[in-house]
Amino acid sequence: MTSTDVTLSPTPSAAASPRPYRHYVYAYPHKTAYRALPREQARLRDLWADEPKNALSLYFHIPFCEVRCGFCNLFTRIGAPDGLATAYLDALERQAAAVREALGEGARFANAAFGGGTPTYLSATELERLCDLAEGGLGADLRAIPLSVEASPATATADRLRVLAERGTTRLSLGVQSFVEAEARAAVRPQRRGDVEAALGRIREAGIPVLNIDLIYGIDGQTERSWTQSLDAALAWRPEELYLYPLYVRPLTGLGRHSTATTGAAGSDRSEAAWDEQRLRLYRHGRDHLLAHGYEQVSMRMFRRTGAPAAGGGDYACQTDGMVGLGCGARSYTSTLHYSFDYAVDMHRIRGIIDAYTARTTREFGHADFGWAMDDEEARRRHLLQSLLQAEGLPVAEYRARFGTSPGEDFAEELEHFADRGWLDAAAGPEVLRLSPEGLAHSDAAGPELFSTAVRRRMAAYEPK
């Protein structure tokens, strides 16, 4: 589950009290900062020529869902009519050929993920083909590396799960959002609890080692009591992971078009403040409830059951290692360029981008379309962001070894603001930079304050489409 928020105000002063829910930072910079790249400067073979390729992350994006939830601003469309899924897999195969040629010899993948959209919208046979593309097309050994797959209750069928388990899936993430049917309807996610429970039963029967359940707080009408009902319903399945997401209302989404009526989150300053308070209250309640039930906090959103296996690749570091993304909504990372295809939220624009993707030839996949050039300053910001927003924090020696300076030297003003607000853990000691519990609660405010001026300007100039 991902989200975008391109309304970024200037960095507040230390005395200011920023809104706690400004922007979910799952990647830096966001795609809304990307711009079209000159084709002659973005040939994949040149971009990857001098990159370390011994521990890459592989991502396949499947842009299809059976329904589109009211809060969703993912790059996805409803359904895949008239052979579109087959055409899309054909295009993925052509892109895989172009990418493998660009990577050259010696590329090794340390982990893999199928996301979307809903990858399990594909049939069991189509999922087999997707795994074949990862293995035969790109040389990833899915049974030897961590493989994470996203699913919805309606598509977590026994035949699909059997394929995924046999092909080496180590983690399956199920988007539930709420076990309370009235709340699911309020979030424009029509589902019956019985169907959700049945899907969870099939996942456990499939024997996939790590089950993650996504839940959302901040839904219209949600209370601590109903929130606890969803938490306890999830805990009954003893998931290895739980993600607690705050609800966001984004432009061009279903809720975005009807935000005043459905969430009370738009309109007056008072309603905005009340919604912020509701989300913070529910976050703290959910956090404390999971901690009391044997879970440890990994980030603001992620909680892992104590003793459960970690689902990530041990030799992959998101701060430094590259990522290879295939599919029209995927992004890729090299040390000098982050790139992707065009980005949209509006359904009509998304359909046009998917159609253009499926029409590409192998040769046309040999260059990057949209991107952001990463310089040394942006690399420092990304490293700090991706480390500081994790509960364990950032070892200062690790940062110093990579950049020759300390975070305190490079981001003195920003970190001073964090300390003034009580967002830094003073007990962590000088060699670890770590957020306090209150800092973790405000991760969606802290992250955007570390964005560079250049990224802010690009994101502010982006016109949602």
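Side chains are part of it too, since the values below use all heavy atoms of this structure and drop only hydrogens, waters and symmetry mates.
In terms of modelled atom types and a separation under 3.5 Å, the side chain of Glu51 and the main chain of Ser335 share a donor-acceptor contact. Between the side chain of Tyr88 and the backbone N or O of Cys328 there is at least one donor-acceptor pair closer than 3.5 Å. Within the 3.5 Å criterion, the main-chain N or O of Ser173 finds no donor-acceptor partner in the side chain of Glu150. Of the possible donor and acceptor atoms, one in the side chain of Arg35 sits under 3.5 Å from a partner among the backbone N and O of Arg458. A donor-acceptor pair under 3.5 Å is formed between the side chain of Ser332 and the backbone N or O of Gly325. At least one donor-acceptor pair closer than 3.5 Å links the side chain of Ser387 to the backbone N or O of His383. With Arg456 contributing its side chain and Pro448 its backbone, the two residues share a donor-acceptor pair below 3.5 Å. Between the side chain of Gln191 and the main chain of Val176, a donor-acceptor pair closer than 3.5 Å is present. Side chain of His61 to main chain of Gly327: no donor-acceptor pair is present (N/O by atom type, distance under 3.5 Å, no hydrogens or angles).
Within the 4.5 Å cutoff, no side-chain heavy atoms of Ser299 are placed close to those of Leu389. Side-chain contact check for Leu92 versus Tyr357: some heavy-atom pair is nearer than 4.5 Å. Side-chain contact between Phe109 and Ser57: absent, with no pair of heavy atoms (C-beta onward) separated by less than 4.5 Å. Put simply, the side chain of Pro52 does not reach to within 4.5 Å of the side chain of Asp321, judged on heavy atoms. Residues Pro29 and Glu378 are not in side-chain contact: their nearest non-hydrogen atoms beyond the backbone lie 4.5 Å or more apart. Between Arg380 and Asp376 the shortest side-chain heavy-atom distance falls below 4.5 Å.
Using the six-membered ring where Trp is involved, Phe418 and Trp423 have ring planes that are tilted, between 30° and 60° apart. Between His23 and Phe451, the ring planes lie perpendicular to each other; the angle is over 60°, past the 30° to 60° tilted range. Relative orientation of the Tyr333 and His338 rings is tilted, given thresholds of 30° and 60° on the angle between their planes. Relative orientation of the Tyr343 and Tyr462 rings is tilted, given thresholds of 30° and 60° on the angle between their planes.
Cation-pi geometry between Arg360 and Phe341 is not satisfied (NZ or CZ under 6.0 Å from the ring centre, within 45° of the ring normal). Geometric assessment of Arg279 against the ring of Tyr248 yields a positive cation-pi assignment under the 6.0 Å and 45° thresholds.
Side chains of Asp369 and His367: a donor on one and an acceptor on the other come within 3.5 Å. When only modelled atom types and interatomic distance are considered, Tyr121 and Glu126 share no side-chain donor-acceptor pair under 3.5 Å.
Ion pairing between Arg351 and Asp355 fails under the 4.0 Å rule for side-chain N and carboxylate O. With salt bridges taken as basic N to acidic carboxylate O contacts below 4.0 Å, none links Arg301 and Asp214. Ion pair Glu377/Arg381 flagged as a salt bridge, since at least one NZ, NE, NH1 or NH2 atom sits closer than 4.0 Å to an Asp/Glu carboxylate oxygen. The residues Arg94 and Glu364 are annotated as not salt-bridged, no charged nitrogen and carboxylate oxygen being separated by less than 4.0 angstrom. Between Asp410 and Arg400, no side-chain nitrogen of the basic residue sits less than 4.0 Å from a carboxylate oxygen of the acidic one, so the salt-bridge criterion is not met. Salt bridge present: Asp46 and Arg43 bring a charged side-chain N and a carboxylate O closer than 4.0 Å.
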Got a list of side-chain donor-acceptor pairs under 3.5 Å for residues 137-148, not counting sequence neighbours?
unit_1	atom_1	unit_2	atom_2	d
Asp141	OD1	Arg143	N	3.4
Arg143	NE	Glu166	O	3.1
Arg143	NH2	Glu166	O	3.3
Ser148	OG	Arg171	NH1	2.8

- Residue pair Gln177, Tyr245: steps toward the side-chain hydrogen bond (donor to acceptor under 3.5 Å, both in side chains) verdict: CA-CA 8 Å; Gln177 319 318 344; Tyr245 286 96; over 6 Å; no
